[in-house]
Amino acid sequence: MTTTTFSSLPLATEILTAIQSLNYQKMTPIQAHSLPALLKGRDMLAQAKTGSGKTAAFAINILHQLDVSSSQTQALVLCPTRELADQVSKEIRLLARAIANTRILTLCGGTPIGPQLTSLKHRPHIAVGTPGRILKHIQKDSLKLDGLKVLVLDEADRMLDMGFHDEIIRIISKTPRKRQTLLFSATYPDEIKDISDAIQSDPVDIRIEGLHDNNKIKQVFYEIQKGERTRALVALLQHYHPESSIVFCNRKQQCKELADELWQLGFHTLALHGDLEQKERDQVLVQFANKSSSVLIATDVAARGLHIKDIQAVINFELSPDPEVHIHRIGRTGRAGNEGLALSLFMASERFRVEAIEEYQDSPARIEKASALKTRENFRLSPPMVTLCINGGRKNKLRAGDILGALTANTNLPGKQIGKIDLFDNLTYIAVERPVAKQALRILSEGKIKGRKYRVRKMR
Ligand code: AMP
């Protein structure tokens, strides 16, 4: 039997302390299977999806292999999207917090290169980023990988789907031949096997089928009649009232229309699709993650790399024609021990898609009648928070503490009613509990933050 306590691993006290402070009580299956081999320096090819604890698995290994007394860049994590890179950096930082002077830098495209060049003057111990931008830094010689010990390709299948194959190979050609290479992928197409053969040496092959922890996800399929889809979705929201849910559509047009329709019906919904500019996408993700919106309507492409904790329900407004995509969709709920809910709507003419999923997951689908759902007339989901937006951010040297101070010092607004504060270069989003939103808006509009006045608005 595999032991699942972290203390059974030969880890430094600093790392064990951080794991303990994060309250990770035992290893997840991917951690228990991978860490003993990783810590010995083996390469690894792992089939693991988001929610499995894979980030902590490779982060712990990176920190174990790291020598902070050396100023060389010793670990590089390549990710398909900026959101995933941010998430990965965050997790590494949390695990590294007891190790003094660890430098971790995120380097992604879509953001100006200048500040990155400045940050790179102090060589990071660990770099996390997207392939295009990492390659650019290597070419500019601002990132040097001659001392690299660990290379991680996270969500490798996504990176290949996005056309990053050549960048990845060029990046790898700049790393030492003797290195530890970890490749994580949710799916296992031939391209993954090929790239593994090309860049890894005798990797441990770990497949913790995502499907097997789906017992933490309650999955129900609802058969509906033609023309009933939106009504059935409202019925699902009314019956289960999830605090937050992602509703998947197969096409972006449907995604936009559905978001408008639900909004008209009184649900706070946001749409995430490929037509959004980066700034709009950030806004949507901030509002959903800080609980100012209860329903996120998304396409598969737009939801790539999305890491949001505590999604109570994933709803398939329409089933994906690809069972693998279906499994990827529903894997966003039921993360790290919480029970998840995956609900899917289908018409009789789409039953073959349900059958394909049954075959793929090797278990029968639970099918129920939409008419059995207990709908509550006039019941609307009301998100617990409201987002305020300030026209100033990191570039104005604002920090979360300044904003919290402005809201709570000399006022009767308790700090616990303020939620997440997300700082961007020129904007800051602040989540506040709905009942105190007006008061918070007034305090910020009438007062000053660090001696300066800012424009503040409440977002819809
Ligand atoms: P990931 O699969 O890397 O996206 O991780 C999913 C979530 O699980 C993250 O929020 C982690 O903080 C959390 N997590 C990772 N390892 C553990 C663990 N051993 N126990 C509890 N939570 C964990």
Side-chain angles (χ1 to χ4, degrees), residues 2-9 11 15-36 38-39 44-64 75 77-98 104 106 126 128 150 152-159 182-187 206-214 216-217 244 246 285 288-291 303-312 314 327-340 420:
T2 335
T3 23
T4 55
T5 53
F6 283 102
S7 56
S8 65
L9 299 169
L11 291 171
I15 303 178
L16 287 172
T17 310
I19 293 172
Q20 213 168 23
S21 71
L22 287 170
N23 205 18
Y24 293 176
Q25 313 220 336
K26 54 186 182 53
M27 291 190 254
T28 64
I30 179 91
Q31 293 162 356
H33 284 86
S34 67
L35 277 166
L38 287 181
L39 300 183
M44 186 174 72
L45 172 59
Q47 181 172 39
K49 52 172 197 157
T50 34
S52 59
K54 67 183 164 79
T55 318
F58 67 72
I60 290 169
N61 174 58
I62 288 177
L63 295 170
H64 178 75
V77 184
L78 293 176
C79 301
T81 61
R82 198 176 92 185
E83 279 118 23
L84 183 60
D86 284 339
Q87 191 66 34
V88 165
S89 297
K90 209 155 111 193
E91 178 106 19
I92 302 180
R93 281 204 174 92
L94 288 173
L95 286 161
R97 65 184 163 192
I104 302 153
T106 319
I126 306 169
V128 182
V150 187
V152 180
L153 270 63
D154 196 8
E155 297 198 358
D157 49 350
R158 299 279 162 205
M159 289 199 280
L182 319 186
L183 204 154
F184 288 85
S185 185
T187 60
I206 294 185
R207 303 191 195 198
I208 307 290
E209 269 296 329
L211 306 173
H212 291 167
D213 39 77
N214 276 357
K216 286 209 210 94
I217 301 178
S244 63
I246 298 194
L285 293 180
F288 185 65
N290 75 15
K291 300 200 185 302
R304 267 185 194 168
L306 196 68
H307 282 248
I308 295 176
K309 279 191 188 171
D310 304 332
I311 293 172
Q312 268 90 57
V314 166
I327 299 299
H328 204 70
R329 283 182 179 179
I330 69 171
R332 293 167 187 285
T333 177
R335 292 226 184 152
N338 300 324
E339 170 152 325
K420 261 185 98 200

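Remember, it's 1-based here, ligands and their atoms both numbered in the order they're listed. Reckoned from all heavy atoms, side chains included, excluding hydrogens, waters and symmetry mates. Quick caveat: nothing in here was measured; it's all calculated off a predicted structure.
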Would a distance-only check, ignoring hydrogens and angles, find a side-chain to backbone donor-acceptor pair under 3.5 Å from Arg332 to Ala303?
yes
Could you establish whether Glu91 and ligand 1 come within less than 4.0 Å of each other, counting only heavy atoms on the residue side?
yes
Can you name the atoms of ligand 1, numbered from 1 with element, that are less than 4.0 Å from a heavy atom of Phe6?
19 (N)
Which atoms of ligand 1 are found less than 4.0 Å from any heavy atom of Ser52?
2 (O)
Side chain of Ser89, backbone of Ala85: donor and acceptor closer than 3.5 Å?
yes
Does Met27 reach ligand 1 with a nitrogen or oxygen that is under 3.5 Å from one of the ligand's nitrogen or oxygen atoms?
no
Atoms in ligand 1 flagged as close to Thr55, the criterion being non-hydrogen separation under 4.0 Å
1 (P), 3 (O), 4 (O)
Indicate whether the side chain of His33 and that of Arg207 have a donor and an acceptor atom separated by less than 3.5 Å.
no
Answer side chain, backbone, both or neither: which part of Gln31 comes under 4.0 Å from ligand 1, heavy atoms only.
side chain
Answer yes if the side chains of Thr106 and Arg82 hold a donor-acceptor pair under 3.5 Å, and no otherwise.
no
Under 4.0 Å from a heavy atom of Lys26: which atoms of ligand 1 are those, numbered in the order shown and with their elements?
18 (C), 19 (N), 20 (N)
Please check: side-chain N/O of Glu91 versus main-chain N/O of Thr55, any donor-acceptor pairing under 3.5 Å?
no
Is a donor on one side and an acceptor on the other found under 3.5 Å between the side chain of Thr333 and the backbone of Ile311?
yes
